[in-house]
Amino acid sequence: MEVEILSQEQNPMLHRTEVRFQIVHDEATPSRLSVRDSLAAKLDKNADEVVVHEMSTKFGMRKTVGYAKVYDSSEHARDVEQDYMLERNKITADDADTDTEAEAEEAE
């Protein structure tokens, strides 16, 4: 799977970069999670900071184009994105809650 970044647009108000990408693949359309991981690797970000919004593959072609939002941190992603989009991208708020609870227990 080969990932190519077509365009990047900064959105400093929401602490993110909006990315349009193209993927050339040999097999079936890749899963959202594998695309998210590939984009994160290409952009040197954590997978929790990348939210893939849309992917489109024309019938019979081995090329997928899509749109993703790359946040400065996973906290910004959880604050801004809607719950269903976080669920689709397997970014859970439980991770943040668990970290906060662990820090609170250590402080005691």
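What you are looking at is a predicted structure, and each value in this text was computed from that prediction instead of being measured.
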Closest heavy-atom contact between Met1 and Ser38?
CE-OG, 2.9 Å

Would you compute the distance between atom CG of Asn11 and atom OG1 of Thr17 and round it to the nearest 0.5 angstrom?
8.5 Å

Taken to the nearest 0.5 Å, the spacing of Ser56 OG from Tyr67 OH works out to 15.5 Å

Val52 to Met55 - nearest heavy-atom pair and separation
CG1-CG, 3.8 Å

I'd like to know if Met61 and Phe21 are part of one continuous hydrophobic network [Ile/Leu/Val/Met/Phe/Trp/Tyr, side-chain heavy atoms within less than 4.5 Å].
no

d(Asp48 CG, Thr92 OG1) to nearest 0.5 Å is 7.5 Å

Return the minimal non-hydrogen interatomic distance between Leu43 and Gln8, and the atom names on each side.
CD2-NE2, 3.6 Å

Can any side-chain N or O of Arg36 pair as donor or acceptor with the backbone N or O of Val51 at less than 3.5 Å?
no

Say you draw a straight line from NZ of Lys45 to CG of Leu39; how long is it, rounded to the nearest 0.5 Å?
12.5 Å

Which atoms form the tightest heavy-atom contact between Ile91 and Ala47, and what is the distance?
CD1-O, 4.5 Å

Looking at every non-hydrogen atom in both residues, tell me the closest pair between Ile23 and Pro30 and how far apart they are.
CG2-CG, 4.4 Å

Give the minimum heavy-atom separation between Arg32 and Glu54, together with the two atoms involved.
NH1-N, 4.4 Å

Parallel, tilted or perpendicular: which describes the rings of His76 and His15, with under 30° parallel and over 60° perpendicular?
parallel

Are Glu81 and His53 packed together at the side-chain level, in the sense that at least one heavy-atom pair is separated by less than 4.5 angstrom?
yes

Co-membership, hydrophobic cluster, residues Val3 and Val50, 4.5 Å side-chain
yes

Going by atom types alone, do Ser74 and Glu49 pair a side-chain donor with an acceptor below 3.5 Å?
no

Between CZ of Arg16 and CD of Gln10, what distance do you get to the nearest 0.5 Å?
11.5 Å

Look at the side-chain heavy atoms of Ile, Leu, Val, Met, Phe, Trp and Tyr, link any pair under 4.5 Å apart, and say whether Val80 and Tyr84 land in one connected group.
yes

Mark yes when over 12 heavy atoms from residues, nucleotides or ligands other than Gln22 sit less than 6.0 Å from its CD; otherwise mark no.
yes

Treat each ILVMFWY residue as a node, draw an edge where side-chain heavy atoms are under 4.5 Å apart, and state whether Leu14 and Met85 are in one component.
yes

